[in-house]
J.: 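One structure is given below, represented as structure tokens, and several questions about it will come after.
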2 protein chains.
Amino acid sequence: MRPIQFVAKTAGVSVATVSRVLNNSPLVKESTRKKVMETIRALEYEPNSLGRELRRAETRRIMVLTPSLVFPIMADVYKGIQDVAQKNGYQVLVCASEDDHDKEEELLQMLKKKIVDGVIIVASTLSAEELDQLAKDYSIVQCSEYEQVQHAYSVSVDNEQAAFDAVSHLLSLGHRRIAMVKGGNAKSSSAAREQGYRRALESAGIEVRQEWIRESDYEYQNGYDLAVEWLQAAEHPTAIFCSSDATAIGCVNGAISLGKSVPDDVAVVGFDDTVESLMSRPPITTVRQPKYDLGRAAMEALLQSLRGEAGENKTILLPHEIVIRESTAKRSG
Amino acid sequence: MRPIQFVAKTAGVSVATVSRVLNNSPLVKESTRKKVMETIRALEYEPNSLGRELRRAETRRIMVLTPSLVFPIMADVYKGIQDVAQKNGYQVLVCASEDDHDKEEELLQMLKKKIVDGVIIVASTLSAEELDQLAKDYSIVQCSEYEQVQHAYSVSVDNEQAAFDAVSHLLSLGHRRIAMVKGGNAKSSSAAREQGYRRALESAGIEVRQEWIRESDYEYQNGYDLAVEWLQAAEHPTAIFCSSDATAIGCVNGAISLGKSVPDDVAVVGFDDTVESLMSRPPITTVRQPKYDLGRAAMEALLQSLRGEAGENKTILLPHEIVIRESTAKRSG
DNA sequence: CGTCCTTATGTTTTCGTATTCATACATTAT
DNA sequence: ATAATGTATGAATACGAAAACATAAGGACG
């Protein structure tokens, strides 16, 4: 409410002394420190951050930029970020771009306007060039989705290998006709996962069929519709690998709506290991990302960048894991 | 990067003129406005918000305080808030308290420190007194969960009536033995919904059984376990009303795991109409809250409060709706 | 022709804090 | 006793922008 001057006057000292107390400078006699602390408490004085930040030219705040609050891995990533941030005296703000490029640019203005010291981008509509340009001047870390650029850190999993492992799991169960529901083409992970899918099939000597690779928006209905379409065809896949758990559950329910059984008639694999993957009947096999650790690592990288420590390796990959549940099982045929 | 002085010098005018251009004052000749705009663009000048906000004593930013990013109605509420905020030149920051009281208090310090102009609280660990105290000095709106206090606005649905309607729906289908999975007792909606449940049963002349009212954390597993427990008892409920969709799906799957059929052996009703309610097999009947509109209304109330316009009625209730799906059906017996 | 508005611009102060610089006093060394 | 050091404090300035205040030029009007 009242400025530092008021505290100073009330305590009978100068503003400099109050400021020194606030920032625990050793250059204050114990008795005056006590006196000042006392009046600060009595007046319920809270330093105005705007004044402080203007003076210090840092806010100790960072922003997490996500396409949406329900982005599947967001909640856990946030916890990881949050925990590291708190330990280091930083506050975390979340902003959703709703996949709107203008909106996103507006939010990123917060860097230029000094509202936040740095940004963790979970997924972005920015091009690699735009991103690199921005990262030249500001501290930016990509988490999960990322573009390979020179100036920004990236923390993610090896999406190509993860997809390879997921499809290899299906191959090991005897599946030969495996379809894939990709994510949107705008996402960098999408291409990597398709690559992994192709490599797995090819290394098993199986021809990739273009009609069995379809794009989706990661949503439930999309998976449902694709499963229905595929399974009604004369020759249909016996397994489907999805880029999200929601589409995977859609595939399961779509298959069952046709009277098929999961996993006997068709096996399904999801991605992310979200809570929903357990709510499906049967529960779905999925690729687990270390969501919390991704958040932690991203925040740690950001701190490093904020401190001006130049990390030599800017791309950090954390291990994934195939979580096997009842939606996949050994194939007899 | 560079301050307004630099722009002024480069353009050959005073800082006041540049400031006037920035704030489109009419007191600038068209030619000089052009000239200044030109150099602003050329220098890629962005006004430093800290300076501006310090001077203006407002940030045009607001915070949304939620227990968690995955709070069921959060994503849509956010969109509603966001849309209204944007139209009015406000930026929206989301912070999650993780249901930690200390954390929440720290976040609310952002009000005192002038980092945000106001707060929308989606659910809180604060007591009514703490909240009212804070609302005396700052602009605060409660959205969804709320305490009845004098100084803060509240935007919500009539939880008592919503529960009454949901249970009435079950009664109308012929159910007489209806159990309820409550939310946590800390939530204000919890008591209201239980009240509605009781009123519905009583007005149908049915005795309320204490063992058929159980508390939960809104999570899937909780619903699953409760359904299994109830349905294994000698005399079991034929319908379950849940305070969240996740517990409802848990109930469905728990029942099915015992070989029961939904809705024939047991009907299930959820709450919130989240995306998961459609991912269940069968899809679940649920109580829809106008999530987006709750967000809109909350932001509008906040704007009103920020402008110092005293609304006479501080509690706003929006209409709910029972969405009937396959998890409930007419009972033969 | 001088006074009185308008219009357009420049100069100075202000917001609240941190920091640099200056100062006063006490202590120790010479 | 005086200079040198150290400790504790106050005064003044800087941060960047907005706004209050000041001024100058150009008409309108008596």
Side-chain angles (χ1 to χ4, degrees), chain A residues 1-40 43-61 89 109-117, chain B residues 1-40 43-61 89 91 109-117 137:
Chain A
M1 306 271 227
R2 311 250 203 168
I4 196 172
Q5 275 91 343
F6 189 76
V7 178
K9 199 151 53 141
T10 313
V13 296
S14 73
V15 293
T17 301
V18 179
S19 177
R20 276 190 272 259
V21 170
L22 288 172
N23 298 284
N24 11 268
S25 150
L27 294 176
V28 193
K29 226 201 312 185
E30 194 48 37
S31 60
T32 54
R33 178 189 303 281
K34 268 235 171 84
K35 185 174 59 176
V36 172
M37 291 285 257
E38 202 61 31
T39 57
I40 284 176
L43 297 176
E44 295 187 1
Y45 168 73
E46 278 290 337
N48 177 312
S49 305
L50 297 175
R52 166 174 293 179
E53 290 161 8
L54 174 59
R55 184 58 232 243
R56 285 192 179 152
E58 74 162 5
T59 64
R60 302 227 121 208
R61 253 174 279 144
Q109 294 289 325
M110 291 174 87
L111 281 169
K112 299 192 189 171
K113 293 181 177 174
K114 309 289 181 193
I115 295 169
V116 293
D117 295 342
Chain B
M1 305 270 226
R2 311 251 201 167
I4 195 171
Q5 276 89 346
F6 189 76
V7 178
K9 200 152 52 143
T10 313
V13 297
S14 73
V15 292
T17 301
V18 178
S19 177
R20 277 188 273 259
V21 170
L22 287 173
N23 298 284
N24 14 268
S25 150
L27 294 175
V28 195
K29 226 201 313 184
E30 193 47 38
S31 61
T32 53
R33 179 189 302 281
K34 268 238 171 84
K35 184 173 60 178
V36 172
M37 292 285 256
E38 202 60 31
T39 57
I40 284 177
L43 297 176
E44 294 187 2
Y45 167 73
E46 279 292 335
N48 176 314
S49 307
L50 297 174
R52 166 176 292 179
E53 290 160 9
L54 175 58
R55 183 58 232 244
R56 286 195 179 148
E58 71 161 8
T59 63
R60 303 227 121 206
R61 253 174 278 144
Q91 232 159 10
Q109 294 289 323
M110 291 173 87
L111 281 169
K112 300 192 188 170
K113 294 180 176 173
K114 309 290 181 192
I115 296 170
V116 293
D117 295 341
D137 297 326

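A note on names: the letters A, B, ... follow the listed sequences, proteins ahead of strands, and every chain is numbered from 1.
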J.: Salt bridge check: are Glu38(A) and Lys35(A) linked by an N-O gap of less than 4.0 Å?
T.: no
J.: Which whole-number value in Å describes the distance from Lys9(A) NZ to dG10(D) P?
T.: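 After rounding, the reported distance stands at 15 Å.
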J.: I need the CD1-P distance between Ile4(A) and dG10(D), as an integer number of Å.
T.: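 To the nearest whole Å, that distance equals 12 Å.
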J.: Any side-chain N or O of Thr32(B) less than 4.0 Å from the OP1 or OP2 oxygen of dT9(C)?
T.: yes
J.: I need the CG-C1' distance between Asn48(B) and dC15(D), as an integer number of Å.
T.: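 Taking atom C1' of dC15(D) as the reference, CG of Asn48(B) is at 8 Å.
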J.: Quick one: side-chain hydrogen bond (donor to acceptor under 3.5 Å, both in side chains) partners of Arg61(B), sequence neighbours excluded?
T.: Glu53(B)
J.: With a 4.0 Å cut-off on heavy atoms, is Val28(B) in touch with a base, just the backbone sugar-phosphate, or nothing at all?
T.: sugar-phosphate
J.: Any side-chain heavy atom of Asn24(A) within less than 4.5 Å of one from Arg33(A)?
T.: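 Side chain of Asn24(A) against side chain of Arg33(A), heavy atoms only: contact under 4.5 Å found.
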J.: Closest approach to the side chain of Ser19(A), judged atom by atom: which nucleotide of dC15(D), dA18(C), dA17(D) is it?
T.: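 So the nucleotide nearest the side chain must be dA18(C).
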J.: To the nearest 10°, let me know how far the axis at one end of the helix from dC1(C)-dG30(D) to dT30(C)-dA1(D) is tilted from the axis at the other, five pairs an end.
T.: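 Overall, the helix from dC1(C)-dG30(D) to dT30(C)-dA1(D) bends by 70° from one end axis to the other.
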J.: Can you name the closest pair of heavy atoms from Ser14(B) and Ala8(B) and give their distance?
T.: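 Answer, listing the atom of Ser14(B) first, then Ala8(B): C-CB, 3.7 Å.
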J.: Quick one: Glu58(B) CD to dG16(C) P, roughly how many Å, whole number?
T.: 15 Å
J.: I need the single residue from Thr39(B), Val36(B), Val7(B) that forms a side chain to side chain contact (heavy atoms under 4.5 Å, CB included) with Val13(B). Which is it?
T.: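 Filter result, single survivor: Val36(B).
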J.: So, do Leu22(A) and Val18(A) sit near enough that their side-chain heavy atoms are less than 4.5 Å apart?
T.: yes
J.: Could you tell me the separation between the CD1 atom of Ile115(A) and the CG atom of Asn48(B), rounded to the nearest 0.5 Å?
T.: 9.0 Å
J.: Using a cut-off of under 3.5 Å, enumerate the N/O to N/O pairs linking the protein to nucleotides 10-12 of chain C.
T.:
{"residue": "dG10(C)", "atom": "OP2", "partner": "Ser14(B)", "partner atom": "N", "Å": "2.8"}
{"residue": "dG10(C)", "atom": "OP2", "partner": "Ser14(B)", "partner atom": "OG", "Å": "3.1"}
{"residue": "dG10(C)", "atom": "OP2", "partner": "Thr17(B)", "partner atom": "OG1", "Å": "2.9"}
{"residue": "dG10(C)", "atom": "N7", "partner": "Arg20(B)", "partner atom": "NH2", "Å": "2.9"}

J.: Would you please confirm or rule out a distance under 4.0 Å between OP1 or OP2 of dA18(D) and any side-chain N or O of Arg52(B)?
T.: yes
J.: Mind calculating the distance between CD (Glu30(B)) and C1' (dT9(C)) to the nearest angstrom?
T.: 16 Å
J.: Describe the nucleic acid contact of Tyr45(A) in one word from base, sugar-phosphate, nothing, applying a heavy-atom distance below 4.0 Å.
T.: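 The residue Tyr45(A) makes sugar-phosphate contact but no base contact.
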J.: Given atom CZ of Arg60(A) and atom C1' of dA18(C), what is their separation to the nearest angstrom?
T.: 15 Å
J.: Which part of the nucleic acid, if any, lies within reach of Glu53(B) when heavy atoms closer than 4.0 Å are counted: base, sugar-phosphate only, or nothing?
T.: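 If one applies the 4.0 Å heavy-atom cut-off, Glu53(B) turns out to touch nothing in the nucleic acid.
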J.: Need one value for Leu50(B): base, sugar-phosphate or nothing, where a base atom within 4.0 Å counts as base even if backbone is also close, heavy atoms only.
T.: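 Nothing, no nucleic acid heavy atom in range.
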J.: What distance separates Asp137(B) CG from Leu111(B) CG, expressed to the nearest 0.5 Å?
T.: 10.0 Å
J.: Could you state the atom-to-atom distance from CD of Glu46(B) to P of dA17(D) in whole Å?
T.: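 Those two atoms, CD and P, are 10 Å apart.
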J.: Among the candidates dA18(C), dC15(C), dA8(D), find the nucleotide nearest to the side-chain atoms of Lys29(A).
T.: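 Looking only at side-chain atoms, Lys29(A) lies closest to dA8(D).
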J.: Just how far is it from atom CD1 of Ile40(B) to atom CD of Glu46(B), taken to the nearest 0.5 Å?
T.: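 It comes to 9.5 Å.
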J.: Can you find a donor-acceptor pair, distance only, under 3.5 Å between Arg55(B) side chain and dA17(D) base?
T.: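 Absent.
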J.: Would you kindly give the CD-to-P distance between Gln5(B) and dT13(C), to the nearest whole Å?
T.: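 Computing the Gln5(B):CD to dT13(C):P distance gives 15 Å.
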J.: Side chains of Arg55(A) and Arg52(A): closer than 4.5 Å at any heavy-atom pair?
T.: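 When only atoms from C-beta onward are counted, Arg52(A) and Arg55(A) do not touch, as no gap falls below 4.5 Å.
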J.: Check whether any side-chain nitrogen or oxygen of Asn23(B) sits under 4.0 Å from OP1 or OP2 of dA18(D), and answer yes or no.
T.: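 Checking Asn23(B) against dA18(D): at least one side-chain N or O falls below 4.0 Å of OP1 or OP2.
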